[in-house]
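Sequential numbering from 1 along the given sequence is applied to the chain's residues.
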Amino acid sequence: MPHRILINTSNLNGAIFPTFVPMIDQATIDRIMDAAEISDVVSEFVTLKRRGVNMLGLCPFHNEKTPSFIVSPAKGIFKCFGCGKGGNSVNFIMEHESLSYPEALKWLAKKYHIDVQESEETEAQKQLKDERESMMIASAFAQKYFTRYLWEENEGRTIGLSYIRERELRDNIVKKFELGYCPDGKDTFTQAAQLQGYQMEFLEKTGLTIKRDDWVRDRFAGRVIFPIHNVAGRVIAFGGRTLKKDKNTAKYLNSPESDIYHKSRVLYGIFQAKREITRQDKCYLVEGYTDVIAFHQAGIENVVASSGTALTPDQIRLIKRFSPNITIIYDGDEAGIKASLRGIDLVLEEGMNVKVLLLPQGEDPDSFSRSMSSTQLQEYIEANQTDFIRFKTKLLLENSENDPVSKARLISNIVRSISVVPDAITRSMYIKECSSLMDVGEDILYTEIRKLMQKESDDLRRKEYRDQTARKLAPQPVQEQKVIKNLCEIEEREILRILLKYFHTEVFEEEGETPEETISISVGRFVIEEIENDGLYSDNELINKFVDLFRENLDNPQFKPSQFFINHSDQQLCQLASDLMSEKYVESKRWKKGGAFVESEDEVLDLLVPKIVQEYKLRKVKNMLSDLEKGIQLASDDMEKVLNLQNQYINLKKVEKHLSIQLGNRTITR
Ligand SMILES: [Zn+2]
């Protein structure tokens with residue numbers, strides 16, 4: 001048993017992460033997890049080949065030619081060593097089908113014929129859900145009605161379909177996007193819907209029918225219909241294009257905002273594009289319905305449109321779920337340029353990568369994609385898309401060459417865009433490029449950016465102060481989770497990994513009450529007690545929660561850590577467990593014990609486990625020392641405080657030395 005050292009960490013707190021409340025009861029979740037065998041679930045989408053105890057295949061989440069996607073039936077997890085994605089069966093379905101956690105559970109329940117018992121909902125929740133569901137059902141009916149009308153009814157064929165044929169859209173593409181036609185007239189559609197039992201309430205709430213005191217009419221009468229799908233593929237709204245030449249009629253008409261359709265959160269084509277966006281790891285953003293459809297017809301499927309609204313942050317986040325790379329493809333006219341400039345900053349703010357392609361004057365993506373083959377189009381985009389710095393430079397320098405004033409204005413414009421990028425490394429790359437392109441020193445750009453960011457944070461602080469003052473008068477809201485940088489991440493993950501793998505393994509013996517009696521101590525008990533005795537907590541609440549769950553199960557022989565965490569309903573716990581279990585580098589290390597090499601870590605646990613705990617303590621101590629150094633600097637005017645901190649510093653230094661010596665004495669090498 002190694003000597004235990006007490007470290008005073010009373011200033012670190014160990015609050016518990018808020019508990020996750022599943023919509024589906026735990027017994028059902030357990031049944032689903034038992035049934036959903038990982039290789040069975042994955043093989044529905046990926047061809048797997050057996051490799052020893054694991055299975056190997058091509059990753060469905062990124063483009064690869066040599067397989068780096070591994071499924072471990074024994075551990076119940078998958079892991080891609082190319083893109084890093086990994087997790088259990090539910091995570092796989094969530095990722096692959098773009099579903100939420102409860103949706104993915106239901107997906108699996110359906111596959112394995114398990115009845116889902118949902119937990120009690122409040123009356124209000126139930127009513128809202130019923131209402132939304134009724135609206136979706138009415139929309140689904142409308143889509144089928146419009147589509148049937150386009151293909152089968154005389155009016156649909158002669159007017160709607162002939163317009164579509166003029167646009168040279170192929171039948172398979174028209175069917176893929178479920179285009180349709182709404183008969184002209186007052187309320188032909190509404191009557192048909194009511195005849196089928198659809199209530200006026202939901203026809204009105206979805207905006208399909210417009211009802212006033214003394215009249216009723218179809219919103220989309222006489223229009224070609226473009227259904228709008230949500231990410232899961234359900235119809236939530238419609239766009240309608242008029243075929244009349246009347247100048248008083250709007251060319252395009254959209255469904256109004258409703259409980260199921262929030263314009264700013266929807267992207268046209270996302271359902272049809274999501275898989276390809278993931279596969280290509282890139283999304284093309286165009287302006288209209290017809291642009292999206294034209295690209296599909298040209299064989300390019302990773303494309304969406306922000307139809308009916310200017311691009312919003314919610315729409316960008318929706319794309320981010322599938323890829324961090326966006327190329328904005330807009331018309332080369334003034335409106336297109338303006339929209340692109342606005343889009344660039346929005347995309348950058350979300351920490352994503354943005355490129356821009358303006359089409360030649362007079363062309364839109366629809367006309368342009370029809371003028372060339374799919375390969376030509378793809379090549380054109382690849383060759384002509386530019387990063388935002390080049391785009392802005394070219395655009396803004398065009399009329400003002402060699403004019404120092406406008407050059408300065410341009411630089412500050414570009415710098416403003418760079419300053420919204422959240423990641424420092426990406427920012428520095430952009431600065432490098434801007435510097436060489438504009439022939440300005442990097443240090444000047446850095447100074448400009450720092451000024452802007454300083455101003456931003458000052459503004460933010462002022463706003464916070466104002467909000468705080470306002471809040472004093474209002475009831476206190478729940479405190480938000482603070483993001484703290486965790487400096488002990490590596491050591492803490494190693495501890496969790498060891499706990500997951502060897503929790504019950506007995507490694508040490510301790511003297512009991514009498515000299516003859518010995519008590520065996522498991523890895524779990526040893527690690528938990530060591531951490532507990534020194535009052536060590538992580539800065540990461542998720543890790544604390546992990547440790548708490550281990551602690552609760554110290555005396556539970558039934559507790560199977562890997563199974564417990566991999567199947568846990570808290571997605572963050574489950575994700576972390578799966579990451580830890582697939583850290584394969586450890587397996588390939590050779591261990592030295594008593595001068596001889598041993599092949600696996602479980603033969604050296606008695607040395608390894610204390611070493612890992614000591615390493616963690618040493619890291620904690622080092623961090624506390626550096627905090628104290630900062631504290632001493634800050635307290636320079638307050639002599640008493642400085643002395644106090646210095647005392648603490650000297651004591652901790654001793655602890656550090658002691659830990660280092662102990663670690664150095666261990667004969668284990670890695
Ligand atoms: Zn991958």
Side-chain angles (χ1 to χ4, degrees), residues 33 36-51 54-73 75-108 111 230-233 267 269-285 296 299-304 315-327 347 350-355 378 423 566-567 571-585:
M33 299 307 294
E37 199 282 309
I38 185 79
S39 62
D40 188 43
V41 173
V42 172
S43 1
E44 190 147 319
F45 305 96
V46 181
T47 315
L48 294 171
K49 284 196 187 113
R50 190 159 277 286
R51 275 299 137 80
N54 294 330
M55 329 257 296
L56 190 66
L58 287 171
C59 176
F61 305 120
H62 83 281
N63 224 342
E64 63 175 10
K65 292 197 177 70
T66 43
S68 48
F69 180 83
I70 289 170
V71 171
S72 161
K75 292 175 179 168
I77 56 176
F78 72 95
K79 177 81 187 175
C80 173
F81 288 97
C83 65
K85 296 230 158 88
N88 65 15
S89 303
V90 184
N91 304 137
F92 181 84
I93 294 302
M94 285 169 73
E95 192 73 42
H96 199 272
E97 298 299 290
S98 311
L99 298 173
S100 67
Y101 177 65
E103 282 167 350
L105 280 172
K106 283 184 211 161
W107 191 102
L108 288 167
K111 177 174 161 75
N230 65 10
V231 179
L267 282 165
I270 189 73
F271 170 65
Q272 289 88 348
K274 61 180 180 183
R275 191 152 307 167
E276 206 51 25
I277 296 174
T278 311
R279 235 176 56 80
Q280 305 279 342
D281 196 15
K282 172 184 286 185
C283 179
Y284 295 131
L285 184 71
H296 273 261
I300 295 177
E301 299 185 349
N302 49 330
V303 57
V304 295
Q315 290 171 335
I316 294 168
R317 271 174 233 135
L318 182 56
I319 296 175
K320 198 179 180 182
R321 281 168 60 180
F322 306 100
S323 169
N325 304 309
I326 296 185
T327 298
V347 175
E350 292 304 321
M352 297 167 71
N353 310 312
V354 59
K355 292 198 169 165
Q378 196 100 50
D423 177 52
I566 285 293
N567 295 342
Q571 281 311 285
Q572 289 177 296
L573 280 176
C574 154
Q575 194 66 55
L576 178 57
S578 137
D579 283 353
L580 292 167
M581 284 166 69
S582 41
E583 280 172 8
K584 66 167 183 183
Y585 63 91

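- Contact detail for I77 and M581: the closest heavy-atom pair is CD1-CB, 3.9 Å.
- The two atoms that bring V46 and G57 nearest to each other are CG1-CA, 4.3 Å, heavy atoms only.
- One N or O on the side chain of S89 and one on the backbone of A36 form a donor-acceptor pair closer than 3.5 Å.
- With sequence neighbours excluded, the residues satisfying side-chain contact (heavy atoms from CB on, under 4.5 Å) with N63 are R279.
- For K282, the salt bridge (Lys or Arg N to Asp or Glu O under 4.0 Å) partners are E382, not counting sequence neighbours.
- In this structure K320 satisfies the side-chain hydrogen bond (donor to acceptor under 3.5 Å, both in side chains) test with no other residue, sequence neighbours excluded.
- For the pair S323 and Q280, the minimum side-chain heavy-atom distance is 4.5 Å or more.
- Contact of the D281 side chain with the P324 side chain is registered, since non-hydrogen atoms from C-beta on lie closer than 4.5 Å.
- Taking F69 as the reference, F78 meet the ring-ring contact (aromatic ring centres under 6.0 Å, His included) condition, with sequence neighbours excluded.
- Partners of A273 by side-chain contact (heavy atoms from CB on, under 4.5 Å), not counting sequence neighbours, listed by chain and number: I277, V304.
- From M352, atom CE reaches atom CG of N325 across 7.5 Å, with rounding to the nearest 0.5 Å.
- In terms of the side-chain hydrogen bond (donor to acceptor under 3.5 Å, both in side chains) criterion, N567 has no residue partners (sequence neighbours excluded).
- Closest of all the heavy-atom pairs between S72 and I38 is O-CG2, 3.8 Å.
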Practice prompt. Go through the steps for S68 and H62 under the test side-chain contact (heavy atoms from CB on, under 4.5 Å), then give the verdict.
Written response: CA-CA 10 Å; S68 48; H62 83 281; 4.1 Å; yes
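- Counting heavy atoms from C-beta outward, E37 and P73 have side chains that approach closer than 4.5 Å.
- By the side-chain hydrogen bond (donor to acceptor under 3.5 Å, both in side chains) test, T327 pairs with Q385, sequence neighbours left out.
- Contact of the L105 side chain with the V90 side chain is registered, since non-hydrogen atoms from C-beta on lie closer than 4.5 Å.
- Here the closest non-hydrogen pair linking N88 and I566 is ND2-O, 2.6 Å.
- Using a 4.5 Å cut-off on side-chain heavy atoms (C-beta onward), M55 and V42 make no contact.
- K111 approaches V41 most closely through the heavy-atom pair CE-CA, 4.5 Å.
- Within 6.0 Å of atom CZ in R51, 12 or fewer heavy atoms from other residues, nucleotides or ligands are found, so the atom counts as exposed in its surroundings.
- Partners of E301 according to the side-chain hydrogen bond (donor to acceptor under 3.5 Å, both in side chains) rule, which considers only residues two or more places apart in sequence or in another chain, are K176.
- Two residues are said to be in side-chain contact when any heavy atoms from C-beta on lie closer than 4.5 Å; P60 and K85 fail this criterion.
- Taking the side-chain contact (heavy atoms from CB on, under 4.5 Å) definition, one finds that E97 meets it with F45, I93, L99, W107, R275, sequence neighbours left out.
- Qualifying salt bridge (Lys or Arg N to Asp or Glu O under 4.0 Å) partners for K274, counting only residues two or more places apart in sequence or in other chains: none.
- Remark: the Q571 side chain and the Q575 side chain contain no N/O donor-acceptor pair separated by less than 3.5 Å.
- Residues N302 and F322 are not in side-chain contact: their nearest non-hydrogen atoms beyond the backbone lie 4.5 Å or more apart.
- Note that the CD atom of E95 and the SG atom of C80 stand 10.5 Å from one another [nearest 0.5 Å].
- Every residue meeting the side-chain contact (heavy atoms from CB on, under 4.5 Å) condition with L58, not counting sequence neighbours, appears here in chain and number order: E64, P67.
- Interatomic distance, L267 CG to I319 CD1, rounded to the nearest 0.5 Å: 5.0 Å.
- A distance of 4.5 Å separates CG of L318 from CD1 of I270, quoted to the nearest 0.5 Å.
- The SG atom of C574 lies 9.5 Å from the CG atom of D579; values are rounded to the nearest 0.5 Å.
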